[in-house]
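Letters A, B, ... are given to chains in the order of the sequence lines, protein chains preceding strands, and every chain is numbered from 1. Bear in mind that the values here come from a model prediction, so they are computed numbers and not experimental data.
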2 protein chains.
Amino acid sequence: MKKFEGMGSLTEENYIKSIYSLSQATGEVYVSDLANKLRVKLPTVNSMVKKLAVKKLLSYAPYKGIKLTEKGKKEALSIIRKHRLAELFLVQVLGLGWEEVHDIAEQLEHVNSERFYDRIDQMLGYPTADPHGEPIPDVNGKISANKRISLSELQEGKSAKIAAVGNDEKTFLDHLNTKGLQIGDSVTVKRKEAFDGSVTITMKGKKETMLSHIVAERIWVEL
Amino acid sequence: MKKFEGMGSLTEENYIKSIYSLSQATGEVYVSDLANKLRVKLPTVNSMVKKLAVKKLLSYAPYKGIKLTEKGKKEALSIIRKHRLAELFLVQVLGLGWEEVHDIAEQLEHVNSERFYDRIDQMLGYPTADPHGEPIPDVNGKISANKRISLSELQEGKSAKIAAVGNDEKTFLDHLNTKGLQIGDSVTVKRKEAFDGSVTITMKGKKETMLSHIVAERIWVEL
DNA sequence: TAAATATGTTAGATGGCTCTAACATTTTAA
DNA sequence: TTAAAATGTTAGAGCCATCTAACATATTTA
Ligand SMILES: [Mn+2]
Ligand SMILES: [Mn+2]
Ligand SMILES: [Mn+2]
Ligand SMILES: [Mn+2]
């Protein structure tokens with residue numbers, strides 16, 4: 001799997017992608033977060049971070065946080081774009097379930113071929129969201145952002161539309177499948193329990209369902 | 001890109017595949033052939049061959065030829081299956097040209113996902129040949145073999161159907177595109193030049209075309 | 001058959017990515 | 001404000017896939 005000059009290795013791509021998504025979630029990125037996310041030890045991250053700094057993909061100083069440069073962000077967005085196009089393709093064209101596409105997309109995101117991804121993009125009609133509701137960056141890395149809140153923050157009595165899930169893990173998505181929840185569904189919050197943060201919702205044509213806090217937290221809705 | 005236990009690395013997969021295809025072409029496989037094909041130096045091949053022998057993927061003794069074991073052949077066929085399914089998929093579903101799919105398939109053949117390839121296989125209707133006419137091994141590694149001869153061996157005056165091309169390189173396939181030759185076309189040999197081995201053919205609805213020996217040699221026909 | 005040539009192997013090194021063990025700095029808590 | 005805890009870095013190692021240089025075997029040719 002040869003890459004173009006100046007392109008990162010598969011390993012580098014995974015670091016860049018993880019740094020990007022951690023920075024989205026938490027602002028600053030720390031060596032330990034990365035080590036945790038990538039399931040490698042601290043010194044491993046430390047040396048890779050130094051290497052990526054030399055390549056000007058990120059800026060960092062010892063004992064300080066990590067920040068992607070513009071170049072680094074651009075690369076991250078390109079990989080994320082490929083990941084999400086791949087996921088949507090697997091669902092819409094190959095008919096796989098949203099709970100099983102992430103692991104395959106982890107592989108496909110490293111495929112180096114403009115043609116391949118241009119075709120997929122075209123075939124899918126230049127989509128803006130993946131099967132989990134996450135935005136797909138366009139060829140220039142631009143993301144269309146809608147305002148979303150977590151279902152766990154939605155007030156009792158309010159209704160909203162499920163826009164995205166904040167987790168691609170199979171076990172989580174299997175759980176949502178069991179509950180019958182899908183992207184685009186309208187839900188209404190009937191009760192919120194102060195004690196455990198659980199949320200009871202209703203949906204058209206379904207009976208009441210209770211979601212635990214950890215689940216509700218990972219569901220993003222639009223009003 | 002994690003692999004299952006016992007699965008080879010990307011590099012190992014490429015060695016196995018190359019050994020397989022060289023053994024098809026020439027019977028015995030030598031270290032130097034492999035080095036040549038993979039564009040690495042002899043000692044590199046030498047150490048990898050030793051490693052693969054330890055893994056029982058091939059048998060070899062110093063200064064002797066290399067032979068895949070049953071296990072090695074099975075792995076080779078699995079990779080070739082994925083390569084060819086990928087190529088056909090890229091042509092039939094994504095609408096890419098037969099001259100541009102090989103390089104992408106070189107990457108996709110290493111994707112580890114039964115589901116992914118089962119779906120592609122199903123979507124394509126369990127095909128038996130790739131866009132270049134090469135047979136696609138079934139899930140058990142079985143290949144349906146038709147008797148084919150090279151167009152350069154076809155006698156003057158005889159007709160046959162183009163069944164396959166013996167080369168996936170873009171430059172070669174671009175050349176065939178220019179000549180307007182496709183898999184499935186019926187051709188008749190009008191003249192064979194003894195001096196340079198060139199072959200002049202006719203096809204329905206087209207005027208005479210001359211193919212040089214090196215081209216005719218790489219086109220396989222069925223009577 | 002002996003020399004020349006082609007082919008294959010061993011030894012030793014390098015770069016990429018990872019690890020453990022030891023040490024350093026920064027943050028938090030007593 | 002010092003001690004403890006958390007976090008980060010350096011040193012040194014190993015495995016993988018590759019290389020060059022030197023050496024060994026096999027094949028061809030004179
Ligand atoms: Mn995903
Ligand atoms: Mn997703
Ligand atoms: Mn091919
Ligand atoms: Mn092919």
*A:E12/A:K55 ion pair, N-O < 4.0 Å*: yes
Integer-rounded Å distance: [N] [atom2] and [X] [atom1]:
{"X": "B:E28", "N": "C:dG8", "atom1": "CD", "atom2": "P", "value": "11 Å"}
{"X": "B:L38", "N": "D:dC19", "atom1": "CG", "atom2": "P", "value": "10 Å"}
{"X": "B:I66", "N": "C:dT7", "atom1": "CD1", "atom2": "P", "value": "14 Å"}
{"X": "B:L10", "N": "D:dC15", "atom1": "CG", "atom2": "P", "value": "22 Å"}
{"X": "A:K41", "N": "C:dA22", "atom1": "NZ", "atom2": "C1'", "value": "16 Å"}

_Treating B:N140 as the side-chain partner and B:K142 as the backbone partner, does any N or O pair qualify as donor plus acceptor under 3.5 Å?_
no
*In B/S/- notation, 5' to 3', how is nucleotides 1-9 of chain D contacted by protein heavy atoms closer than 4.0 Å?*
-------BB
*List in chain and number order the residues that pass side-chain hydrogen bond (donor to acceptor under 3.5 Å, both in side chains) with A:S152, two or more places apart in sequence or in another chain; answer none if no residue qualifies.*
A:S150
*Would you indicate what A:T44 reaches in the nucleic acid, counting non-hydrogen atoms under 4.0 angstrom: base, sugar-phosphate, or nothing?*
base
*CD of B:Q24: more than 12 outside heavy atoms within 6.0 angstrom?*
yes
*Quick one: ring pair (Phe, Tyr, Trp, His ring centres under 6.0 Å) partners of B:Y15, sequence neighbours excluded?*
none
_Once you measure the plane-to-plane angle for B:H132 and B:W98, does it fall in the parallel (<30°), tilted (30-60°) or perpendicular (>60°) bin?_
parallel
